[in-house]
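Heads up: the structure comes next, in structure tokens.
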Amino acid sequence: MGFQPLSLAQHYHERTKYAPETLAQQAAPLDFSRQPSPCKTYPLGQSFSLKPFLELEQGATHPHWQRLSRLLYCTYGITGVVPYADQPFYMRAAPSAGGLYPAEIYLLTRNDTAIPAGIYNYQVKDHALVQVWQSYSWSALQAACLWHPALERTHIALIVTAVFYRSAWRYGDRAYRRICLDIGHLLGNVELAANINDFRAHFIGGFVDAQMNELLYLDPEQEGVLAVVALANLLEVGENLSTFPAVLASATCYDYGAIASGELLKAYHRASALTNSDMIYGMAKETPSPPTKEPTEPPASKYNFPFGLRVSLSKTIIDWETNLAALQQTILQRRSTRQYSGQGIEVDQLAALLTFAYHPQDYRDQGLDEAPSFFDPTLVETFIAVTRVKDLEEGCYYYAVAEHELRQIRFKNFQEQLHFLCLNQDLGRDAAVVIFHTANLERAIARYGERAYRYLHMDAGHLGQRINLAATALGLGVSGIGGFFDDQVNDLLGIPPQEAVLYITTVGKAA
């Protein structure tokens, strides 16, 4: 069998792996004199404060502004302040690796809404919108999104970008992984906050990158668009739209030459862009690939061994109470746990986490979307290392989503190995469960080209945020980990090397 060339996404993934023997070289000392600000500022442009609308009672005047204010606040608003001596640290509704907050949110409105048409930036510190461009831009947005049907009858859209250096300052080239995970968490909040405020979020991942950059007047070397969200207004007749595909495939890049360290992040982002030449009437052309067959699809039921423990979980539902008020409060109260007590959790609590993350249809009676918007979560696999769950044997399990079943694939307590592969963070050692999201990268790239890497990590972050919120509602501690020894995770789980590890979420009793 001949040499199989690596796509740029595969090359990027291999180059940004952490390994015990090279971690010290990858973790360069931080230059705090060059630490970027986590917020953009616009000295010009009309500002619209959203704070007054947070305090209005439901059904008060200006309902459109009120709902939008609450949606943005639950998505990315400031929910706590740590008063450090040099400058305060602002915590937000969505978590971020290293507290660096690389995402920016822009809002576009049509000319027939209560909000003046234009392009706005969400000013997090002030909870305000600043109008950065006063014009009708909706048709330009539709063109850039290749006339996605969700934009035909909606009037508000959010555009989520990444300011690359905010994360790259600390994490170097690996920052792109963390950026996409961060934005996935943010999108998880958008989707739920939309439900709370009578919107439905339609994610759009397929857009012409250069056109989106031009629309927002971005410097593509510094900032890039990762996701568009069309907000359907559920209070208006006919706005409860069907679900739509969120993704398009880009080309696959095999001829990329030598890329210097420090340039890999931007090189990959450029290569994963969609261009007009990739499209025919809004449909992706066939993705070029080397002369090999696409990997066959996985069997419908993986790891269905005749031996090993199989645990059928109950559909344990979290009661979000009347009008989803408890869910909104949970979003605002969520914090990343810094230390676990080492105590165990109940198996029904684990079942509740997985039900909320993977079975949204069981929450339709509580007013939540039974088919929330993702990119392609069918590509994401879930494994769980269990160390302290009452009435559940220790070991590593595969989570079979359709069957809502845990299948034991390895038998022992992996507490010390978890501590090591999570870069010796105590969170990995002291958690009750450690949840791994992985994906067959070769299969994902065969389906979506270079753009697959974005989709995979944003979906993993979205699932991580649903786990975060479920854990918070259950009174458990929870924290995501984006830094780990990649190959050692594969070894621990006993999965093949082409299964890329995307993200880790730890859950347990907070100390």
Side-chain angles (χ1 to χ4, degrees), residues 16 18 38 75-76 79-80 91-103 162 166-167 170-171 174-192 226 330-331 333-340 345 349-350 353-354 356-358 374 377 380-385 387 399 418-419 421-439 454 456-474 476-486 489 492-493 500-511:
T16 59
Y18 285 156
T75 295
Y76 212 41
T79 58
M91 295 179 287
R92 305 192 193 180
S96 174
L100 300 173
Y101 301 108
R166 288 185 195 165
S167 286
R170 179 168 182 173
Y171 297 116
R174 190 175 168 113
Y176 200 79
R177 301 192 191 195
R178 298 175 185 263
I179 286 168
C180 292
L181 291 170
D182 277 8
I183 289 176
H185 280 279
L186 185 157
L187 293 174
N189 276 356
V190 169
E191 184 264 314
L192 291 167
L226 269 294
T330 299
I331 291 173
Q333 288 177 342
R334 180 219 53 83
R335 291 284 182 270
S336 296
T337 300
R338 299 303 176 200
Q339 185 177 3
Y340 293 116
I345 66 172
Q349 291 177 311
L350 176 57
L353 297 176
L354 299 175
F356 184 68
Y358 295 90
F374 279 84
V380 179
E381 303 278 14
T382 302
F383 297 85
I384 303 174
T387 57
Y399 175 53
L418 291 167
H419 185 225
L421 64 84
C422 290
L423 311 187
N424 293 312
Q425 295 181 70
D426 291 347
L427 293 171
R429 181 193 64 201
D430 298 335
V433 294
V434 178
I435 301 171
F436 300 89
H437 288 120
T438 71
R454 302 186 187 191
L456 291 173
H457 283 81
M458 287 191 286
D459 276 347
H462 187 168
L463 289 168
Q465 184 66 354
R466 292 184 74 94
I467 292 170
N468 280 357
L469 297 175
T472 301
L474 294 167
L476 300 175
V478 61
S479 188
I481 295 178
F484 43 81
F485 292 134
D486 296 68
V489 175
L492 175 74
L493 298 176
V501 183
L502 307 172
Y503 195 30
I504 296 175
T505 303
T506 62
V507 180
K509 290 284 185 70

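Numbers here are sequence positions counted from 1. From a predicted model like this one, the values you see are computed outputs, not experimental measurements.
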Applying the side-chain contact (heavy atoms from CB on, under 4.5 Å) test to Val507, which of Val478, Leu474, Leu350, Leu427 qualifies? Val478
When you compare the side chain of Phe374 with that of Leu187, does any pair of heavy atoms fall below 4.5 Å? no
Shortest non-hydrogen separation from Thr505 to Gly464 and the atoms involved: OG1-CA, 4.2 Å
Just jot down the side chain to side chain contact (heavy atoms under 4.5 Å, CB included) partners of Ala385, sequence neighbours excluded, or say none. Cys396, Leu418, Val434, Phe436
With no hydrogens and no angle check, is any side-chain donor or acceptor of Thr506 less than 3.5 Å from a backbone partner on Ser479? yes
If you measure from NE2 on His462 to CD1 on Ile467, what distance do you get to the nearest 0.5 Å? 11.0 Å
To check you understand the geometry: which heavy-atom pair defines the closest contact between Pro95 and Asp182, and what is its length? O-OD1, 4.0 Å
Asn189 side chain to Gln465 side chain, donor-acceptor N/O pair below 3.5 angstrom: yes
Over 60° means perpendicular and under 30° means parallel, so tell me whether His437 and Tyr503 are parallel, tilted or perpendicular. parallel
Search all heavy atoms of Cys180 against all heavy atoms of His457 and return the closest pair with its distance. CB-CB, 3.5 Å
In short, Ile183 meets Ala162 closest at the heavy-atom pair CD1-CB, 4.2 Å
Nearest 0.5 Å please: distance from the CD1 atom of Ile331 over to the OG1 atom of Thr75. 7.5 Å
Supply the atom-to-atom distance Leu463 CG to Leu502 CG, rounded to the nearest 0.5 angstrom. 10.0 Å
Approximate separation, where rounding is to 0.5 Å, of Arg178 CZ and Ser96 OG: 9.5 Å
Closest approach of Tyr171 to Leu100 (non-hydrogen atoms, all atoms of both residues): CE1-CD1, 3.8 Å
Quick one: CD on Gln349 to NZ on Lys509, what's the gap to the nearest 0.5 Å? 6.0 Å
When every non-hydrogen atom of Ala460 is compared with those of Leu181, the smallest separation belongs to CB-CD2, 4.0 Å
Between CZ on residue Arg177 and CG on residue Leu456, distance to nearest 0.5 Å: 11.5 Å
Taken in chain and number order and not counting sequence neighbours, the residues that satisfy salt bridge (Lys or Arg N to Asp or Glu O under 4.0 Å) with Arg466 are Glu191
Any donor-acceptor N/O pair, Thr438 side chain to Ala500 backbone, under 3.5 Å: no
Only residue of Val501, Leu423, Leu492, Asn424 satisfying side-chain contact (heavy atoms from CB on, under 4.5 Å) with Phe485 is Leu423
Can you tell me if Arg174 uses its side chain to pair, donor with acceptor, with the backbone of Gly482 under 3.5 Å? yes
Identify, with sequence neighbours excluded, every residue that meets side-chain hydrogen bond (donor to acceptor under 3.5 Å, both in side chains) alongside Thr472. none
Any Ile435 side-chain heavy atom under 4.5 Å of Tyr399 side chain: no
Is there a donor in the side chain of Tyr176 and an acceptor in the side chain of Thr16, or the other way round, less than 3.5 Å apart? no
Quick one: is the NZ or CZ of Arg170 closer than 6.0 Å to the six-membered ring centre of Tyr101, and within 45° of its axis? no
